[in-house]
Amino acid sequence: MAVTATQTTLAGLPRRLVQDGLISEEKLVEATDAAKKEKLPLVAYLVNEELAEARAIAVAASHEFGVPLLDLDAIDIDIDVIRAVDQKLINKHRVLPLVQRGQRLFLGISDPTNLAAIDDIKFQTSLRIDPVVVEQDKLEERIAKAIEAVDTTMGDLADDDFDLENLDVTGDDDDEEDIHKDDIEDAPVVRFVNKILLDAIKRGASDIHFEPYEKYFRVRTRLDGVLSEVAQPPVVLANKVCARLKVMSRMDIAERRVPQDGRIKMRLSKNRAIDFRVNTCPTLFGEKIVLRILDPSSAKLGIEMLGYEDHQRGLYEKHLSKPYGMILVTGPTGSGKTVSLYTGLNILNTDDRNISTAEDPAEINLPGINQVNVNPKVGLTFASSLKAFLRQDPDVIMVGEIRDLETAEIAIKAAQTGHLVLSTLHTNDAPRTLTRLVDMGVKPYAIATSVSLIIAQRLARRLCDNCKEVRDIPREALEKEGFTAADLDEGMTIFGPKGCKSCNDGYKGRVGVFQVMEVSEAMGRIIMEGGNAMQIADQAAQEGVIDLRQAGLNKVKDGVTSLEEINRVTIE
């Protein structure tokens, strides 16, 4: 084969890319010129313009230069190693320090011919640099995360939208004496805490964990139900950060031996404020603090946004419109029970209804609804609150959780005497909810005549619409997962996560998975005859009620979430 003049000018990685058929000579020459004009590395330009796949380029580079190839998804970012290299060099050369072993630093790089990067970092760190080939797209993503993590650990905390030192932050009790910023004099700590809180709100996180250990201090956020580390400040700052959070939430700073509860209100604008429910817990090396982010907008999504199937939504709305009866929402902590209840309350919240709620605590403020925070220390329990509500001409009552027999009996009596009662229980599915009430000591006939609807639910991560990809799963495996022959004969498409710049590991947001069970006369008879949860489940199946597993598989079939995610949140 004749060698063209163009080929003879190519060397190193470009020549290997042409030889492997990843890109034509003409396009590569054009790309090289364009990359120089845009002041971009050639590999970055090829991947950005989708002229060649990042994985194929990395494999070619590894083979050509004998440099090991690493999948960045297989390792965690080591903040201390990132700190060892000047951030300006990381940004300039688009490389990522991976691991340090003695005097050797392993450097993630998409083009091993970038000797300038290796020399600059060797000079700055005085370490021996061992290049490791990584995929360009994953490299860019991990560099962004690494720089963000380092910045958040007390680096440049400037924010374009907010004054981080003078953010309007108050505690739960506005009547208490104001605690000024001067009480915690370390302004960088104030800015750091505010930055963490703002970033969590912007990302849509539900919880923030500040965790002190013997030799390090980390901050994690729960996004779409999964915890991930976002910062690792110096361990010496743990006590200062803890003190700042306790000041913000009106806690006793001097008390470090027992758990404390508090609340923070952060006002982002005239029209939007975010509440944080704060809890401290003494651990071996300091106090762990967890903040639950309470965004009022989450309770105003509308029932159509929660993930109910049409017939499930119809049942919920039907029973909300009834003047009496009990609706129970069940599921583990963090399954979205509160949002389901608040969504129902929003539908009921009209001028002609008197609505009262007893909660521990009231997570979201809803204008037009009388909300009570229970306080067992002073005798204000769920049961005593319910007794008070019944003397205040109520139409709708919401009990945060039925925890004991007294509360259950009063709630059931209210449902039987012309009130609509909404509440939650901690059970695994809808049929077990009925037997759980029996186990608590509630009379079976009272359950059969008062409980009208039970909703069991879980929250599953929603696949990102921009990057979800088709998964080829054998028919036999799908049958084992629970899909029916009719489902498989329809030729359904199963999607899985991939990951892109606009999502979190292939997922973006969450969707509810629901089992909505109307308590029929037949189920009532089973309860009164001393039947068990399996008999109730069999009766529910005969009446067309799908269980949580089937509901989850329907979400997979519709392309809303992945099979592995449903396996994570439901029982096979």
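Throughout, numbering of the chain's residues begins at 1 and tracks the sequence. The structure displayed is predicted, hence computed values, not measured ones.
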To the nearest 0.5 Å, atom CE of Met534 lies from atom OG1 of Thr435 at 12.0 Å
Side-chain (Arg471) to main-chain (Pro497) donor-acceptor, under 3.5 angstrom:
yes
Without hydrogens or angle criteria, can the side chains of Gln539 and Glu543 be said to hold a donor-acceptor pair below 3.5 Å?
yes
Mark yes when over 12 heavy atoms from residues, nucleotides or ligands other than Lys443 sit less than 6.0 Å from its NZ; otherwise mark no.
no
Distance from Met398 atom CE to Thr424 atom OG1, nearest 0.5 Å?
8.0 Å
Between the main-chain N or O of Val560 and the side-chain N or O of Asp558, is there a donor-acceptor pair closer than 3.5 Å?
no
Sequence neighbours left out, what passes salt bridge (charged side-chain N to carboxylate O under 4.0 Å, His left out) with Glu255? Give chain and number order.
Arg257
Thr570 side chain to Arg549 side chain, donor-acceptor N/O pair below 3.5 angstrom:
yes
For atom CG of Asp310, decide whether the heavy atoms of other residues, nucleotides or ligands shown that lie under 6.0 angstrom number more than 12.
no
Is the number of heavy atoms from other residues, nucleotides or ligands under 6.0 Å of Asp351 CG greater than 12?
no
Determine whether a donor-acceptor pair (N or O, by modelled atom type, separation under 3.5 Å) exists between the side chain of Lys555 and the backbone of Gly307.
yes
Backbone N/O of Met326 and side chain of Ser452: donor-acceptor pair under 3.5 Å:
yes
